[in-house]
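Bear in mind the structure is a predicted one, so any value in this text is a computation, not a measurement.
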Amino acid sequence: MFRTKRTGLVRRLWRSRAPVEGDGDADTRTHGSGGCCMGKSTKVAGKTSAGTDAELKALTHSTLKQIKEKQLEWLLQAVESKGGARSPCLLLSSKVDTKLGQQSYSLPLLLYKVFRWPDLMDCSELKRLSCCESYGEINPELVCCNPHHMSRLCELESPPPPYSRYPMDFLKPPDSPDSGPSSTETGGTTYSAPVGLSDSQALQESGDRSHWCVVAYWEEKTRVGRLYSVQEPSLDIFYDLPQGNGFCLGQLSSDNKSPLAQMVRTKIGYGIQLSREDDGVWVYNRSCYPIFIKSATLDNPDSRTLLVHKVFPGFSIKAFDFEKADSLQRPNDHEFTQQPRTGFTVQISFVKGWGQCYTRQFISSCPCWLEVIFNNQ
């Protein structure tokens with residue numbers, strides 16, 4: 001029987017839909033509970049009934065067949081690469097509604113549910129990524145429906161669980177075995193910092209003002225490679241990313257032979273995306289595994305301890321809030337008097353967490369982690 005190209009594209013898209021719990025194909029590595037995402041995951045409560053699945057398939061097929069062939073190719077590129085390949089915006093009408101059983105869905109919501117988050121209930125749970133051409137624009141007629149131009153919003157727990165609190169790293173004495181490095185490199189020049197101080201102080205004393213942040217990659221207590229200076233509004237940090245352009249950790253030479261570090265490196269995959277936006281710096285987890293974040297602006301400014309926040313794959317979190325950072329600069333602020341620029345850094349660990357609910361008490365014990373140092377001058 002003759003099959004059109006459009007029909008073939010639609011069938012390939014359906015085969016690439018997001019798995020739900022009970023399908024057998026669901027990757028449990030991307031799921032979990034707890035952390036700042038409050039237990040949300042890309043699973044639904046149970047396996048979809050055969051009738052509902054058949055209805056969803058029929059609805060999806062009929063909807064996709066109304067989309068232009070070229071747009072189907074773009075959508076397939078995004079879905080099959082799981083967002084790894086650059087794909088254009090899929091601009092479709094925002095006024096088209098679809099109905100599944102008794103439930104009505106907008107066209108964007110249907111595509112987001114089918115191809116990324118089966119448990120998604122409303123588009124208000126999403127954040128548009130800065131790579132989307134329609135980012136920051138409101139067009140009542142057309143909206144980008146590319147599922148990989150979106151991320152789930154990470155909601156902070158309130159109140160935070162006590163097990164995730166731990167003493168701040170910077171309260172350790174300078175001769176502590178977990179103290180930071182005593183020097184930092186950038187642009188081929190070495191700047192020496194006093195023992196016990198972080199890269200952030202050495203960097204800011206260097207006088208470099210051309211960037212909005214730099215990124216240091218660490219494996220346990222050893223920094224690997226040089227500081228990566230960031231001038232563009234967004235940066236991809238990855239180990240293996242198709243069409244990757246940014247900070248490739250896979251190209252760095254490491255002498256660390258630890259089996260755990262080698263295992264975690266391979267799990268970094270698509271990594272994360274840092275984006276500097278009007279309200280702060282956002283981190284989008286593009287990988288298949290959770291990341292863990294510590295930032296002074298994610299917590300109560302009156303707290304003397306910081307939380308470690310767990311961010312699941314596909315979620316975004318505002319890791320650094322500009323307005324909150326300004327309020328932290330108080331003369332009597334304990335954190336800023338101990339180490340004046342500590343509040344202008346964010347620490348991110350791949351795959352492995354740290355704190356009181358883990359065997360690793362400090363991030364310097366994590367196999368692979370990042371320090372994002374902001375230029376606040």
Side-chain angles (χ1 to χ4, degrees), residues 3-31 41-44 48 53 56-92 98 105 107-120 126-134 143-152 234 236-246 248 250 266-273 284-289 312-316:
R3 180 185 301 172
T4 64
K5 181 179 180 180
R6 181 188 299 274
T7 301
L9 290 171
V10 170
R11 292 189 176 187
R12 285 178 62 186
L13 279 164
W14 177 250
R15 289 196 297 267
S16 301
R17 67 192 183 278
V20 297
E21 184 180 14
D23 278 350
D25 296 327
D27 189 347
T28 56
R29 296 174 305 175
T30 65
H31 306 143
S41 69
T42 54
K43 297 193 287 188
V44 292
T48 307
D53 188 67
L56 179 61
K57 179 178 180 179
L59 176 61
T60 304
H61 274 64
S62 63
T63 301
L64 293 176
K65 287 179 179 178
Q66 300 176 39
I67 299 176
K68 295 179 181 179
E69 191 172 286
K70 189 64 177 178
Q71 291 178 313
L72 289 176
E73 292 177 348
W74 293 341
L75 178 59
L76 184 65
Q77 180 185 32
V79 170
E80 287 191 334
S81 70
K82 300 186 185 300
R86 297 190 189 94
S87 54
C89 287
L90 188 65
L91 296 176
L92 300 172
T98 57
Y105 299 105
L107 178 56
L109 181 58
L110 175 67
L111 296 182
Y112 300 152
K113 284 178 67 70
V114 170
F115 295 111
R116 287 209 73 180
W117 302 288
D119 66 327
L120 184 66
L126 302 177
K127 178 187 182 298
R128 194 168 298 280
L129 299 174
S130 58
C131 64
C132 184
E133 293 177 9
S134 59
V143 63
C144 177
C145 297
N146 188 328
H148 288 278
H149 283 190
M150 308 295 292
S151 66
R152 294 287 288 269
S234 65
D236 290 324
I237 304 174
F238 57 93
Y239 188 86
D240 182 18
L241 176 67
Q243 304 177 12
N245 183 22
C248 180
T266 63
K267 291 186 175 182
I268 294 173
Y270 292 179
I272 64 172
Q273 183 179 83
Y284 168 48
N285 184 4
R286 305 181 65 176
S287 74
C288 292
Y289 295 87
F312 289 103
F315 281 77
S316 285

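Between Ile268 atom CD1 and Cys288 atom SG the span is 12.5 Å, to the nearest 0.5 Å. Asn285 contributes atom CG, which lies 11.5 Å from atom CD of Gln273 (distance to the nearest 0.5 angstrom). In this structure, CZ in Phe312 is found 14.0 Å from OH in Tyr289, a value given to the nearest 0.5 Å. Remark: Ser151 OG to Leu129 CG distance equals 4.5 Å, nearest 0.5 Å. To the nearest 0.5 angstrom, Lys68 atom NZ is 10.5 Å from Arg6 atom CZ. Atom-to-atom distance recorded for Asn146:CG and Glu133:CD is 10.5 Å, nearest 0.5 angstrom.
Take Ala58 and apply the side chain to side chain contact (heavy atoms under 4.5 Å, CB included) test, not counting sequence neighbours, and it matches no residue. Residues passing the side chain to side chain contact (heavy atoms under 4.5 Å, CB included) test with Tyr112, sequence neighbours excluded: Pro108, Trp117, Leu120, Cys123, Leu126, Arg128, Pro147, Met150. With sequence neighbours excluded, the residues satisfying side chain to side chain contact (heavy atoms under 4.5 Å, CB included) with Trp74 are Lys70, Gln71, Pro88. Remark: Glu80 pairs with Arg12 by the side-chain hydrogen bond (donor to acceptor under 3.5 Å, both in side chains) rule, at least two apart or across chains. The side-chain hydrogen bond (donor to acceptor under 3.5 Å, both in side chains) test applied to Thr60 returns no partner, not counting sequence neighbours. Shown here are the side chain to side chain contact (heavy atoms under 4.5 Å, CB included) partners of Thr63, two or more places apart in sequence or in another chain: Leu59, Thr98, Leu107, Leu110.
Taking every heavy atom of both residues into account, His148 and Ala78 meet most closely at CD2-O, 3.3 Å. In terms of heavy-atom proximity, Cys145 sits nearest to Leu111 at CB-CD1, 3.7 Å. Shown here for Tyr270 and Asp240, the closest heavy-atom pair between the two residues is CD2-O, 3.2 Å.
With hydrogens and angles disregarded, a donor-acceptor distance shorter than 3.5 Å links the side chain of His149 to the backbone of Ser87. Of the possible polar contacts, none joining the Glu73 side chain to the Glu69 backbone as a donor-acceptor pair under 3.5 Å is found.
Side-chain contact between Ser130 and Ser234 is present, with heavy atoms from C-beta onward closer than 4.5 Å.
Of the options Thr4, Leu72, Ile67, a side chain to side chain contact (heavy atoms under 4.5 Å, CB included) to Val10 is made by Leu72 and by none of the others. Among the candidates Leu75, Leu9, Thr7, Val114, the single residue satisfying the side chain to side chain contact (heavy atoms under 4.5 Å, CB included) test with Leu64 is Leu75.
Geometric assessment of Arg11 against the ring of Trp14 yields a negative cation-pi assignment under the 6.0 Å and 45° thresholds.
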Inset, instruction - Just do the side-chain contact (heavy atoms from CB on, under 4.5 Å) check on Phe238 and Arg286 with the steps written out, would you? - result: CA-CA 9 Å; Phe238 57 93; Arg286 305 181 65 176; over 6 Å; no
Inset, instruction - Would you please test Asn245 and Arg86 for side-chain contact (heavy atoms from CB on, under 4.5 Å) and show each step? - result: CA-CA 10 Å; Asn245 183 22; Arg86 297 190 189 94; 3.2 Å; yes
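Within a 6.0 Å radius of NZ in Lys82, no more than 12 heavy atoms belonging to other residues, nucleotides or ligands are found.
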